[in-house]
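Here's a structure for you.
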Amino acid sequence: MIMNMKECQIKSVEAVNAMDEKMKAKHDVDTTFVHLVEEVGELSRIIYNKKTKRFNNTKKELEEEFADTVALLMHLAALHDVDMEKSFV
């Protein structure tokens, strides 16, 4: 499925809100930023493992970490009332 950046941001916000509802949590600005940093760390671990051949992570794991990272970045932007489609140059 191809989507534009606006659709991606909307879908990201919906996904994070659904996760919050399920987990009875709330991704405010601080929580979202901390979670984003955690996901970037997980992404970096998989990339490092691939480079060093330390562990054999699957492409699906890599894709999931990229998706989690983008979703949280989009959600954080929305919390700051930033339209990523308009902001992206």
Side-chain angles (χ1 to χ4, degrees):
M1 175 167 104
I2 296 174
M3 68 178 87
N4 63 37
M5 199 172 294
K6 182 69 173 176
E7 293 167 331
C8 180
Q9 189 167 11
I10 290 168
K11 187 172 182 173
S12 295
V13 169
E14 290 170 351
V16 172
N17 289 340
M19 179 177 53
D20 281 351
E21 188 173 315
K22 181 179 178 182
M23 303 297 280
K24 298 190 182 348
K26 179 68 178 149
H27 273 81
D28 60 14
V29 171
D30 295 334
T31 304
T32 302
F33 184 74
V34 169
H35 194 175
L36 173 62
V37 170
E38 176 193 10
E39 292 299 334
V40 170
E42 291 177 14
L43 179 60
S44 69
R45 178 185 41 80
I46 289 175
I47 292 169
Y48 179 77
N49 288 343
K50 183 177 180 180
K51 178 180 173 69
T52 62
K53 298 179 172 60
R54 185 173 178 195
F55 293 104
N56 189 20
N57 295 100
T58 65
K59 180 161 183 173
K60 178 144 180 66
E61 290 171 309
L62 182 63
E63 291 169 345
E64 288 172 358
E65 293 307 327
F66 270 113
D68 290 348
T69 301
V70 169
L72 286 164
L73 181 62
M74 292 290 198
H75 186 262
L76 185 61
L79 289 172
H80 284 283
D81 199 28
V82 172
D83 182 331
M84 289 298 290
E85 189 166 70
K86 288 181 181 175
S87 301
F88 198 80
V89 179

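Values below: all heavy atoms of this structure, side chains included; hydrogens, waters and symmetry mates excluded. FYI, the numbering just counts along the sequence from 1.
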Requested in this report: Decide whether V13 and L76 are clustered together by the hydrophobic rule: side chain heavy atoms of Ile, Leu, Val, Met, Phe, Trp, Tyr closer than 4.5 Å, transitively.
Outcome: no
Report task. Give the intermediate values and the outcome of side chain to side chain contact (heavy atoms under 4.5 Å, CB included) for residues M1 and E7. Result -> CA-CA 11 Å; M1 175 167 104; E7 293 167 331; over 6 Å; no
Query - Criterion side chain to side chain contact (heavy atoms under 4.5 Å, CB included) on F33 and V37, from CA distance to verdict - result: CA-CA 6 Å; F33 184 74; V37 170; 3.9 Å; yes
Query raised in the report: Is there a path from V70 to V82 through hydrophobic residues (I, L, V, M, F, W, Y) whose side chains come within less than 4.5 Å of each other?
Result: yes
**Report entry** Pairwise distance CE(M84) to CE(M5) - rounded to 0.5 angstrom
**Finding:** 6.0 Å
Requested in this report: Evaluate whether atom CG of D28 has more than 12 neighbouring non-hydrogen atoms of other residues, nucleotides or ligands under 6.0 angstrom away.
Outcome: yes
**Report entry** Within one Ile-Leu-Val-Met-Phe-Trp-Tyr cluster: F55 and L62, side-chain cutoff 4.5 Å
**Finding:** no
Query raised in the report: Out of H80, H75, K26, which residue meets the side-chain contact (heavy atoms from CB on, under 4.5 Å) rule with T32?
Result: H75
Query raised in the report: Is the number of heavy atoms from other residues, nucleotides or ligands within 6.0 Å of CE (M23) greater than 12?
Result: no
Query raised in the report: Considering residues at least two apart in sequence or located in another chain, which fulfil the salt bridge (charged side-chain N to carboxylate O under 4.0 Å, His left out) criterion with D83?
Result: K6
Query raised in the report: Are I46 and F66 connected in the hydrophobic side-chain network, where two residues link if heavy atoms are under 4.5 Å apart?
Result: yes
Query raised in the report: CG/N56 to CG/N49 distance, rounded to the nearest 0.5 angstrom?
Result: 9.5 Å
Query - Point-to-point distance, once rounded to the nearest 0.5 Å, from CD of E64 to OG1 of T69 - result: 11.5 Å
Query raised in the report: Roughly how far apart are L43 CG and N57 CG, rounded to 0.5 Å?
Result: 10.5 Å
Query raised in the report: So which pairs with a foot in residues 9-21 pass side-chain hydrogen bond (donor to acceptor under 3.5 Å, both in side chains), sequence neighbours left out?
Result: D20-H27
**Report entry** Nearest-0.5 Å distance that lies between atom CG in L36 and atom CD in E39
**Finding:** 8.0 Å
Report task. Flag yes if M74 and F88 sit in one hydrophobic cluster, no otherwise; membership is Ile, Leu, Val, Met, Phe, Trp, Tyr, and two members link when side-chain heavy atoms are under 4.5 Å apart. Result -> yes
